[in-house]
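Read the structure below first, then the notes.
Every chain is numbered from 1, with letters handed out A, B, ... down the list of sequences. Scope of the values below: all heavy atoms of this structure, side chains included, with no hydrogens, waters or symmetry mates.
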Protein chains: 2
Amino acid sequence: MANRSDTKTRILDAAEKLFAERGFSETSLRLITSKAEVNLASVNYHFGSKKELIRAVLARYLDVFMPAAADAIVAVRQENANASLDAIFSTLVAPLLDLNQLRAEGTTTFLQLLGRGYIESQGHLRWFITTHYGEYLSLFVNAVAESAPHIPPAEMFWRLHFTLGTVVFTMASADALTEIAEADFGEHNDIEAVIRKVIPYLSAGVSVPLTKDVI
Amino acid sequence: MANRSDTKTRILDAAEKLFAERGFSETSLRLITSKAEVNLASVNYHFGSKKELIRAVLARYLDVFMPAAADAIVAVRQENANASLDAIFSTLVAPLLDLNQLRAEGTTTFLQLLGRGYIESQGHLRWFITTHYGEYLSLFVNAVAESAPHIPPAEMFWRLHFTLGTVVFTMASADALTEIAEADFGEHNDIEAVIRKVIPYLSAGVSVPLTKDVI
DNA sequence: GTCTATACGTCGATAGAC
DNA sequence: GTCTATCGACGTATAGAC
């Protein structure tokens, strides 16, 4: 068959699109393989299981995004050792938008996959990301912590997870929210606009001074 | 059989516990009915489907929490018409903790169910909550909006959804986060401590002044 | 090595007897 | 209301063809 890429890539391409559109649990292997025009069993041959296919789909993006994001953060901190929290978060915008060159709708797809992945999977994806990309995450966490030195480590732990929740939930439902915002407020937002909206929210929350325990 | 409540309640009690512990998709109807010691088909007889069972489990809490939360917000705004955002959010703490009187571990269970529910279900629970409890939600949204009058409605829409993401994600993974915080920082947090940690984060994010579009 | 046909166990759901 | 039996769809595993 002409113009037929190899089975593994065909599965990844079909799975990526369907996962981003419909979520993981709502996308069956039978749907993926029929859309990719490959046999059902080939998923297990090439990837072992559905969970590993999900990880492989995400890895195609993370392998590009994580090093690029790390480079950008290192660069901004070399220019300005006292970079603000907003500056640290904003540093991620360019690497995110660059994913559109990797694949059509790359940024949106990646953020939806990441959001859905963190949300739908209990642990296996969290584990995958922290073990495979832990060095990049640490670099980011350290940059944030040093930009808000008045927040003790234990408190910063919580605030970074609050931040993760905001990002993950927002990106998983970005399509729906954008549609509602358009209908209710006549406001058109692309994925970059949503990213730029969330950054000040996150910066403010992460860096807000601790309230006194005793009043 | 002595001390055997009716089938419907037995199903709800078993389902609530299992859903909160393991999540919805990881909890099969067969597990619920065997633990509740009722027949598998009785779930569909009494509730129609698994989705409707999920809604019924949440409704038992929402029917108590929503009116109590609304009363608390009305009360605090009568005392102080210019109540701060922190005050509005803090108003919800007492109604949440009161759920411990409704059922053992009620607060934790409710927040886990709410978090998991919003996260695992795409739309059907969002729809259920907004249609059945919309009046209470509006009251809360209005109170927040009036406590941050410098934020335009369209921007407030986004920030409230960022907030929803933080809450939902944090509460769905509160158990795991509490364990990590204990292991890494020797910090013991109950559900109230987590709630009180998240409020300043949310207030700061919701009320942060808009950044200039043009620099 | 790659791919395919086929089957296994579990799932939510349902029809029909009692 | 409650039960048994069964359905189609699911993820997964494997024997065997190319």
Take atom [atom1] of [X] and atom [atom2] of [N], then tell me their distance rounded to the nearest Å.
X	N	atom1	atom2	answer
A:Lys8	C:dT2	NZ	P	9 Å
A:Arg10	C:dT2	CZ	C1'	15 Å
A:Glu52	D:dG11	CD	P	15 Å
A:Phe47	C:dT2	CZ	P	12 Å

Quick check: does any side chain N or O of B:Arg116 sit under 3.5 Å from a backbone N or O of B:Glu21, one acting as donor and the other as acceptor? yes
Just to confirm, is there a sub-4.0 Å distance from OP1 or OP2 of D:dT2 to any side-chain nitrogen or oxygen of B:His46? yes
So, is A:Thr7 close to the C:dT2 phosphate, meaning a side-chain N or O under 4.0 Å from OP1 or OP2?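 Negative; the distance criterion is not met.
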Sub-4.5 Å side-chain heavy-atom contact between A:His132 and A:Met66: no
Is the shortest side-chain heavy-atom distance between B:Trp158 and A:Asn189 below 4.5 Å?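 Side chain of B:Trp158 against side chain of A:Asn189, heavy atoms only: contact under 4.5 Å found.
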Side chains of A:Asn39 and A:Ser42 only: does a donor on one sit below 3.5 Å from an acceptor on the other? no
Regarding A:Asn100 and A:Thr107, do their side chains bring together a donor and an acceptor under 3.5 Å, going by distance alone? yes
Where at least one partner belongs to residues 56-74 of chain B, residue pairs that pass side-chain hydrogen bond (donor to acceptor under 3.5 Å, both in side chains), sequence neighbours excluded: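 Only B:Asp13-B:Arg60, B:Glu16-B:Arg60, B:Glu16-B:Tyr61, B:Tyr61-B:Arg103, B:Asp63-B:Tyr133 qualify under side-chain hydrogen bond (donor to acceptor under 3.5 Å, both in side chains).
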Sequence-aligned protein contact record of nucleotides 11-18 of chain C, with B where the base is within under 4.0 Å of a protein heavy atom and S where only the sugar-phosphate is: BBBB----
